[in-house]
Chemist: 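Quick one: the structure is below, questions incoming.
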Amino acid sequence: MTNYLDELNSQQKTAVTAKPGRILILAGPGSGKTRVLTHRIVYLMREMNVSPWNILAVTFTNKAAREMNHRIEQLLDAHPRGLTMGTFHSVCARILRRETDNMRHYQRDFVIFDTADQLQVVKRVLKELNLDDKKFPPPKLLNGISNAKNELITPDIYASTNYISEITRRVYEQYQLILQANNAMDFDDLLMNTVLLFKEHPDILQTYQQKYQHILVDEFQDTNTTQYALLQHLAAQHNNLFAVGDGDQSVYRWRGADFRNIQRFQEAHPDAQVILLEQNYRSTQIILDAAKAVIQHNQNRTHKNLFTERQGGEPIVIDEAYNDLEEGDIVISTIKSLLLNGYSPGDMAVMYRTNAQSRVLEEAFIRANMPYRLIGATQFYKRREVKDIIAYLRLVHNPADSVSFNRIVNVPTRGIGAKTLQTLQAWAAANQWQPADAVIELATNPEVQHPFRGRAFNALHNFGNMLSAWITASAGSHVGDLFDLILEQSNYREYIDDGTDEGCDRWDNIMELRGVANDPNLTLSEFLEQVALVSETDNLEEVPNSTTLLTLHAAKGLEYPVVFITGLEEGMLPHSRSMQDAEELAEERRLFYVGITRAKDRVYLSHAFRRTFYGTTEATTPSRFLMDIPEALTIGSKPKQRRQESKARASSWHQSTPSWSSNRSQSSSSLGASRHSSSSPAHGGNQSSDKKSASRYEPTRKPLPKPNSPYDEPKRATPTSCQFSTGQKVEHATFGKGIVIESKITGNDEEVSVAFNKVGIKRLAASFAKLAVVE
DNA sequence: GGATCTCATGTTTTT
DNA sequence: CATGAGATCC
């Protein structure tokens, strides 16, 4: 604990020990920004005698918050009691819940509406305003509303400049009223309402300013106007704001993030200290040089002189596949070769621009029987059955929530149809009730005047009875018990678990959710907030040792020894929707930059000559970004002009990619395939994120050509004698020095086992590993 | 109330 | 192509 500052380089130390004030840390990729943040917090506590109660650290993801907490705990060897660490949204939710007495429209138990709930509200507004949802698509309107909230624009100051924005303004206005009537906030409200609260109540703001004397922010380039305003308000008194970010990694512009907040910050506070973190601890020099070459094409950026001690490194491999199918096979065969070189499946990640691209890759993994983990598939909390149960719980917690009411009032079906609901709405509205209040009234007040008869009355009465029983039960019982009670009385299992595989999966998902609800220390309110603000990737444990498939966006903040970036074609990356606008194009370039800089040792870039979109296959043009990487850093077919499609293709591109020819022939032979896939179960990779995916792809999976067919290449000659012998001292680019313990010919390659000084015994393929004999 | 069909839609999505 | 929402039919 004494020497925690010694593990920092000079720039990091300058940052960590900077005199409190406005401090901006411009941190290149892999430069240790989390380390700087965590050490700074420890420094404040240890050296500056700041109480943890007076520190606020905000991140964008729960994962980042947890990681920082964990690392601080390690540094202190104790839990930092009192420290406020969390996402923007969770910190704001906490403040708002504490301050509902001072808010006009909300009560303490407000719920958080997710995107699906929001859409329901927008649709309802359109109906109320008699607007055509074909002409005004709800998602577009919602986007407009969200943008406004991110810019801190309330309906009353929303300036409509044209017809569509006038419509947006009107919908926005009604939308907010419905949310308030439902005692609900959407994600953007959590941020905006906190800022509005501070603006309206300077005394409350002052309380928080006094509490949070030191504020630290991660990923500052991703803040939107509202988040920036929030930070400015909170920091206005003590002026201690420690912001860490990198404009070059700003990839959420489309969500309202504005990396110009970095410049804004500097202009607003000319006295702010600006510290650059330029030493990269992740990548080789070659990878860093390639990344720098790419990002240098963007204008208006703060130049950083990134450097690393990992001189040299493996060249960037660029490969052209015939089509997207072959691209997948190339990735697979490269992975197999890398497995022979001591890498394990978990060391590698395959990245792409759009989720749609994952399918072909997934199929390649399944075919090859290789373990993979797909990030970003249908999210657990977005599943129908999970949302249903959460809607039940939410309604019990907050009966004003009419979106949840509508969702489950007739799920499972209990004879409350559209006609009955309409009558109910009208009756409730006439009495100034929300629909749940109305059915409870119906069930509990025999005197009440109502418009229902016969079956409709019975159905509503029964539902009202159940609902009020649950509300009563919720007061004294654990979430898990309430959960079981609702499941039992609603007959939900019979409804969802219909004996099919899918029904069984759905029931499993509910049981998984029950597992989360079962924590006896969790109140219903806390459970619901956790479920609303925690994304699935935060919750599920990683599938051990499988290759990760993910979008470039999802890759931000992660690192892998080996990175594949696929689909480097015009229209794909940069994406076609981004090519008209210089700002958007710059963001695409940053996305590519983010992808490259995830890699520690090796980068593989690939593009397909033909790609299938929406059923039709079209020829592509290699991405302009590929041309930005200096030739000296790459091997493989550096695209210069579009290739001709011809019979000669098989020979033409394999000849032009010498490095690949050996890899591919190696792994499509018995060597790679048979030995290295045996340890991984068939669908080992996709069990976590999408239980459906296996069955979803099963029926559509076409019998694809075995590695041997059209685009296979001539086999390499089998080496006849061993290059290496036992006891020889060798050196490897990544693993360092070692001693050969065995060498033999297998398949068409020489396999060498080497005991490395640092990393232990590895099995390597001689044709692939650049093993140098020492002495 | 539920199954089946048709049609539009298709970038990224920390919370 | 593949998915989802809404309309239509039973």
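Note that the coordinates shown come from a computational prediction; the quantities given were computed from them, not determined experimentally. Chain identifiers are assigned alphabetically (A, B, ...) following the order of the sequence lines, protein sequences preceding nucleic acid strands; residue numbering begins at 1 within each chain.
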Chemist: Given the rule that a pair is Watson-Crick or G-U wobble with both distances under 3.5 Å, how would you write DNA chain C in dot-bracket, using | for pairs to a different strand?
Modeler: ||||||||||

Chemist: Report yes if a side-chain nitrogen or oxygen of A:N62 is closer than 4.0 Å to either non-bridging phosphate oxygen (OP1 or OP2) of B:dT14; otherwise report no.
Modeler: no

Chemist: For A:R255, enumerate each residue passing the salt bridge (charged side-chain N to carboxylate O under 4.0 Å, His left out) test, keeping only those at least two apart in sequence or located in another chain.
Modeler: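 If we apply the salt bridge (charged side-chain N to carboxylate O under 4.0 Å, His left out) test to A:R255, skipping adjacent residues, there are no hits.
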
Chemist: When you measure from the side-chain N and O atoms of A:R255 to the phosphate of B:dT15, is any distance below 4.0 Å, counting only OP1 and OP2?
Modeler: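 For B:dT15, neither OP1 nor OP2 has a side-chain N or O of A:R255 closer than 4.0 Å.
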
Chemist: Under the rule for salt bridge (charged side-chain N to carboxylate O under 4.0 Å, His left out), what residues qualify as partners of A:D109, not counting sequence neighbours?
Modeler: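 With neighbours one apart ignored, the set is empty.
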
Chemist: Less than 4.0 angstrom from a charged side-chain N to a carboxylate O is my criterion; do A:D497 and A:R506 meet it?
Modeler: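 Salt bridge: no.
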
Chemist: For A:Y492 together with A:Y495, are the ring centres under 6.0 Å from each other?
Modeler: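 Centroid separation for A:Y495 and A:Y492: below 6.0 Å.
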
Chemist: Look for any protein N or O under 3.5 Å of an N or O in nucleotides 1-5 of chain B and output each such pair with its distance, or none.
Modeler:
{"unit_1": "B:dG1", "atom_1": "OP1", "unit_2": "A:I416", "atom_2": "N", "d": "3.4"}
{"unit_1": "B:dG1", "atom_1": "OP1", "unit_2": "A:G417", "atom_2": "N", "d": "3.0"}
{"unit_1": "B:dG2", "atom_1": "OP1", "unit_2": "A:T413", "atom_2": "OG1", "d": "2.6"}

Chemist: Is it the case that the ring center of A:F220 lies less than 6.0 angstrom away from the ring center of A:F265?
Modeler: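 Yes; A:F220 has its ring centre under 6.0 Å from that of A:F265.
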
Chemist: According to side chain to side chain donor-acceptor pair (under 3.5 Å), who are the partners of A:R71, at least two apart in sequence or on a separate chain?
Modeler: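 Counting only residues at least two positions away or on another chain, A:R71 forms a side chain to side chain donor-acceptor pair (under 3.5 Å) with A:E67.
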
Chemist: So which pairs with a foot in residues 85-95 of chain A pass salt bridge (Lys or Arg N to Asp or Glu O under 4.0 Å), sequence neighbours left out?
Modeler: none

Chemist: A:D248: what forms a salt bridge (charged side-chain N to carboxylate O under 4.0 Å, His left out) with it, not counting sequence neighbours?
Modeler: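 In terms of salt bridge (charged side-chain N to carboxylate O under 4.0 Å, His left out), with neighbours along the sequence ignored, A:D248 is linked to A:R301, A:K304.
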
Chemist: Just to verify, what does A:D186 make a salt bridge (charged side-chain N to carboxylate O under 4.0 Å, His left out) with, not counting sequence neighbours?
Modeler: A:K149

Chemist: Classify the ring geometry of A:W254 against A:H553: parallel below 30°, tilted from 30° to 60°, perpendicular beyond 60°.
Modeler: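 Correct class here is perpendicular.
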
Chemist: Compile the donor-acceptor pairs under 3.5 Å between side chains in residues 119-131 of chain A and protein atoms, sequence neighbours left out, one pair per line.
Modeler:
{"unit_1": "A:R124", "atom_1": "NH1", "unit_2": "A:S402", "atom_2": "OG", "d": "3.0"}
{"unit_1": "A:R124", "atom_1": "NH2", "unit_2": "A:S402", "atom_2": "OG", "d": "3.2"}
{"unit_1": "A:E128", "atom_1": "OE1", "unit_2": "A:Q174", "atom_2": "NE2", "d": "3.3"}

Chemist: Under the side chain to side chain donor-acceptor pair (under 3.5 Å) test, which residues partner A:T223, sequence neighbours left out?
Modeler: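 Here the qualifying residues are A:N261.
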
Chemist: Between the protein and nucleotides 8-12 of chain B, list every N/O to N/O distance that falls short of 3.5 Å.
Modeler:
{"unit_1": "B:dT11", "atom_1": "OP1", "unit_2": "A:R577", "atom_2": "NE", "d": "3.4"}
{"unit_1": "B:dT11", "atom_1": "OP1", "unit_2": "A:R577", "atom_2": "NH1", "d": "3.0"}
{"unit_1": "B:dT11", "atom_1": "OP1", "unit_2": "A:R577", "atom_2": "NH2", "d": "2.8"}
{"unit_1": "B:dT11", "atom_1": "OP2", "unit_2": "A:R577", "atom_2": "NH2", "d": "3.4"}
{"unit_1": "B:dT11", "atom_1": "O4'", "unit_2": "A:H575", "atom_2": "NE2", "d": "3.1"}
{"unit_1": "B:dT11", "atom_1": "O2", "unit_2": "A:R353", "atom_2": "NH1", "d": "2.9"}
{"unit_1": "B:dT11", "atom_1": "O2", "unit_2": "A:R353", "atom_2": "NH2", "d": "2.1"}
{"unit_1": "B:dT12", "atom_1": "OP1", "unit_2": "A:N355", "atom_2": "N", "d": "2.8"}
{"unit_1": "B:dT12", "atom_1": "OP1", "unit_2": "A:N355", "atom_2": "ND2", "d": "3.4"}
{"unit_1": "B:dT12", "atom_1": "O4'", "unit_2": "A:R353", "atom_2": "NH2", "d": "3.1"}
{"unit_1": "B:dT12", "atom_1": "O2", "unit_2": "A:W254", "atom_2": "NE1", "d": "3.2"}
{"unit_1": "B:dT12", "atom_1": "O2", "unit_2": "A:R353", "atom_2": "NH2", "d": "2.5"}
{"unit_1": "B:dT12", "atom_1": "O2", "unit_2": "A:H553", "atom_2": "NE2", "d": "3.4"}

Chemist: Can you pull out the residues from residues 119-127 of chain A that lie within a 4.0 Å heavy-atom distance of DNA chain B?
Modeler: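 Those residues: none at all.
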
